[in-house]
Amino acid sequence: MSVTQLGMPRVHHGSGNIVAREPFPDFARRELRNEQLRANLGFATHTIRSKRASVVGELPDWQELRTAGSEIKQRVMARLPELLEQFEENVTARGGHVHWARDAGEANRIALDLIRAEGAEEVIKIKSMATQETGLNEYLEEHGIGAVETDLAEEIVQMGEDKPSHILVPAIHRNRTEIRDIFLNRMPGVDLGLTDDPPALADASRRHLREKFFRTGVAISGANFGVAETGTLAVVESEGNGRMCLTLPDTLITFMGIEKLVPSFEDLEVFFQLLPRSSTGERMNPYTSLWSGATPGDGPQNLHVILMDNGRTAALADEVGRQALHCIRCSACMNVCPVYERAGGHAYGSTYPGPIGAILSPLLTGVEDHANNSLPYASSLCGACYEACPVKINIPEVLVHLRGKDVDARHGRGESGTRRKAPDQMDALMAGAKAVFSNAKLLSLAERGLPVGRLAAGRKHRISKLPGIAGGWTEYRDVPEPPSQSFRHWWRKNRRNGAARRPAGERADVEALLAANAGLAESLHGRFAAESEERQRAADRAALEAKAEEKQEVQEGVSRELAEGEGPRDTEAGRTAPERPKPDVGKLARAGAEAGDGATAGAETGAGEDGPGTGSGGGHGSGGGHGSGGGPDLSDQGPGRTDPEPTGNAPLENEEER
């Protein structure tokens, strides 16, 4: 009996526009000189970030929604084979056709065959990250088929022979003057008097695309979500071009990554709240289109779905990195990333820029592929992307993980287990650090060399240029002047009455140390708490005393003015106000008694549309407001106030005298 060794199934990595051709640092260095790019990015990302913060703050359960989205995606990854088969079964049962593609090339070939079967020479497209990933437009053009982008930003990129630099806003690196020039140079039949006013630019695009929608028989789309239990596909967009592509043509071909599934229709509820708030800063998407198979006489009759792997199973095999497949393409991580804001999307060399691209592209292609190994280093690890991600992808964690894989691939033993190339400067530096930090004597000796660093710093007290690999640091920042001696040496010289040094090789008695310091933390905490309470009580007493003194000063000032027979001071003008005639108390009493009936009437008229307390006269009514009856209102006649001018027919306190 012979035995055949089948081995383990090989992981297929992806291809297409997810492979960087140039290391990120080299590309970013050039992009940093583009001041217009940085201005455009800064304005756009800050605007989107502010809108997002506003609408996210409206939801008290935002963190719970993030957790729900993350858990749904985790369940999808755990059940992916089962859900994919369920999705295919339901799409087929509703009149659709499902095609499976291992990589970008296979997906493009399937689409080309389907287009040729319809006899089409031109197709219209909805914005799709999946088709950008496979390079479908370029592939179709090579085979004589034109692909027309109908999303405004994608249209700008296509006409400008450019590449997208942002997941959500592909032309974010362009300003409106540049867009006008692109339209004038590349758009057929455009008005030569076109201005850079945004409504005018949008109208020019609308006129150009309108006839394309009506005469093109094949459309190509992506998909934001696919529902396994119903075979439903979902696309969210903001312009309405997607709705035209999904309803007018007779044939619809949809590219979808295998990770875009959700188990049930109810799961869409979570993502339809997370996605618009995180992407465009809106409460809901302007256009949300869902379709399940083909419906006779309504919409596309030939419905095809291309399920694409292109490295996604390789990412799924990475226990740490697989969370990158949870991404819902909202771009929130880019809008908060300081590296992306300064370097731009083109520096990443992939369809997926920004923090998510820094982990997704190396996972899809393998960290050893071309220049993708530089992408995990395109981050400061500040963690802002993790806080912004609506499905809680821990991007910093994956970045560190991929850096480790890159080090193993370049300097140690890679995934294949074979030894890599000869050691370089980094290997020598790390080997030296390991030797020094693992030996106290070597470390002490190295610390004695600090004065040499002070000589290198010179009169400016900073080191501006270092040789070799360390020069990458000083190229953009200075190294502060090192101290004249290390802390350990300073401590050895200056400590007084310190504890006796333990002989070398003797182990510390941990139990004795714990016993000696038992209760120390509690006692210190109690002392600090008591001191804090005492400070607070002292502050409260001081505030009360200051208030009492202020009140006493006011009372003494009023008494002094009354005793001197002067009118109250007009503090603003700095002069004495004219003396008021003293009211006749008897007359006031008689007027108040006679105003009893009027007060009752005032209570009735004082509760109109303006609510309690809005009467028309001067008497106090029993309804809580100023009534229309007689009697003076002395409620705001205090020190520093003069009598109001008489209005209406209300009785005045000095009427008889007048």
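Throughout, numbering of the chain's residues begins at 1 and tracks the sequence. Bear in mind that the values here come from a model prediction, so they are computed numbers and not experimental data.
Checked for salt-bridge contact, Lys51 and Glu282 miss the test: no charged N lies under 4.0 Å from a carboxylate O. With respect to the salt-bridge test (charged N to carboxylate O, under 4.0 angstrom), the residues Arg79 and Glu85 do not qualify. Look at Glu155 and Arg206 and you find no salt bridge, because none of the NZ, NE, NH1 or NH2 atoms lies under 4.0 Å from a carboxylate O. Salt bridge present: Asp162 and Arg174 bring a charged side-chain N and a carboxylate O closer than 4.0 Å. Salt-bridge check for Lys212 with Glu122: passed, with a basic side-chain N closer than 4.0 Å to an acidic carboxylate O. Taking 4.0 Å as the cut-off between side-chain N and carboxylate O, Asp408 and Lys405 do not count as a salt-bridged pair. Checked for salt-bridge contact, Glu133 and Arg312 meet the test: a charged N lies under 4.0 Å from a carboxylate O.
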For this session: Would you sort out whether Thr45 and Asn335 count as a side chain to side chain donor-acceptor pair (under 3.5 Å), showing the intermediate values?
Result: CA-CA 5 Å; Thr45 55; Asn335 299 328; 5.8 Å; no
For this session: Take His13 and Asp103 through the side chain to side chain donor-acceptor pair (under 3.5 Å) test and state the conclusion after the steps.
Result: CA-CA 8 Å; His13 286 107; Asp103 54 31; over 6 Å; no
Problem set entry | Stepwise side chain to side chain donor-acceptor pair (under 3.5 Å) check, Thr254 with Ser221 | CA-CA 5 Å; Thr254 299; Ser221 80; 3.1 Å; yes
For this session: I would like to know whether Glu106 and Asn310 meet side chain to side chain donor-acceptor pair (under 3.5 Å); could you show each step before the answer?
Result: CA-CA 9 Å; Glu106 194 167 317; Asn310 203 37; over 6 Å; no
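Residues Ile167 and Met334 have side chains in contact (heavy-atom distance under 4.5 Å, counting atoms from C-beta outward). Using a 4.5 Å heavy-atom cutoff, the side chains of Ile48 and Phe43 are not in contact. A 4.5 Å side-chain heavy-atom check between Lys392 and Thr67 finds at least one atom pair inside the cut-off. Counting heavy atoms from C-beta outward, Thr150 and Cys245 have side chains that approach closer than 4.5 Å. You'll find the side chain of Arg66 stays beyond 4.5 Å of the side chain of Val391, heavy atoms only. Between Trp100 and Leu307, the closest side-chain pair of non-hydrogen atoms falls below 4.5 Å. Side-chain contact between Leu112 and Leu140: present, with at least one pair of heavy atoms (C-beta onward) separated by less than 4.5 Å. Side chains of Glu154 and Gln132 form a contact here, defined as non-hydrogen atoms less than 4.5 Å apart.
Inspection of the Gln74 and Ser70 side chains reveals an N or O donor paired with an N or O acceptor under 3.5 Å. Side-chain contact check for His346 and Ser165: no donor-acceptor pair (N or O, by modelled atom type) lies under 3.5 Å. Looking only at atom types and distance, the side chain of Gln36 has a donor-acceptor partner in the side chain of Asn40 under 3.5 Å away. Donor-acceptor pairing under 3.5 Å is lacking for the side chains of Arg94 and Ser292. No side-chain N or O of Asn372 forms a donor-acceptor pair with one of Ser361 less than 3.5 Å apart. Side-chain atoms of Asn108 and Thr134 form a donor-acceptor pair, as typed in the model, at a separation below 3.5 Å.
Within a 6.0 Å radius of CZ in Arg283, other residues, nucleotides and ligands contribute 12 heavy atoms or fewer. Heavy-atom neighbours of Glu266 CD from other residues, nucleotides or ligands within 6.0 Å: at or below the threshold of 12. With a 6.0 Å radius and a threshold of 12 heavy atoms from other residues, nucleotides or ligands, Arg102 has its CZ atom at or below the threshold. By the neighbour-count criterion of 12 heavy atoms within 6.0 Å, atom CD of Glu22 is densely surrounded, having more than that number from other residues, nucleotides or ligands. The environment of CD in Glu319 is sparse: at most 12 heavy-atom neighbours from other residues, nucleotides or ligands sit within 6.0 Å. Taking a 6.0 Å sphere around CD of Glu141, one finds it holds 12 or fewer heavy atoms contributed by other residues, nucleotides or ligands.
Proximity of a side-chain donor or acceptor of Asn285 to a complementary backbone N or O of Tyr287 within less than 3.5 Å is not detected. Without hydrogens or angle criteria, Asn90 side chain to Gln86 main chain gives a donor-acceptor distance under 3.5 Å. Side chain of Gln323 to backbone of Asn394: a donor-acceptor contact under 3.5 angstrom is found. Under a 3.5 Å cut-off, the side chain of Arg342 and the backbone N or O of Pro338 do form a donor-acceptor pair.
Aromatic rings from Phe225 and Phe271 are positioned such that their centres are separated by under 6.0 Å.
Listed here is the closest heavy atom pair of Ala153 and Glu239: N-OE2, 4.5 Å. Here the closest non-hydrogen pair linking Ile124 and Pro249 is CD1-CG, 3.9 Å. Here the shortest heavy-atom pairing between Leu375 and Gly357 reads CD1-O, 4.0 Å. The two atoms that bring Val320 and Val398 nearest to each other are O-CG2, 3.8 Å, heavy atoms only. Closest non-hydrogen pair, Leu184 versus Asp191, comes out as CD2-O, 3.6 Å. The two residues Leu37 and Asn34 come nearest to each other via the heavy atoms N-OD1, 3.0 Å.
At least one cation-pi condition fails for Lys260 and Phe255: the charged atom is not both under 6.0 angstrom from the six-membered ring centre and inside a 45 degree cone around its axis. Cation-pi geometry between Arg30 and Phe27 is satisfied (NZ or CZ under 6.0 Å from the ring centre, within 45° of the ring normal).
When Val262, Val305, Val227, Thr232 are each tested for a side-chain contact (heavy atoms from CB on, under 4.5 Å) with Phe87, only one passes: Val305.
For the atom pair Leu399 CG and Leu381 CG, the distance stands at 6.0 Å (nearest 0.5 Å). Separating the CG atom in Leu152 from the CG atom in Leu209 is a distance of 8.5 Å, to the nearest 0.5 Å.
Using cut-offs of 30° and 60° for the angle between ring planes, the His304 and His97 rings count as parallel.
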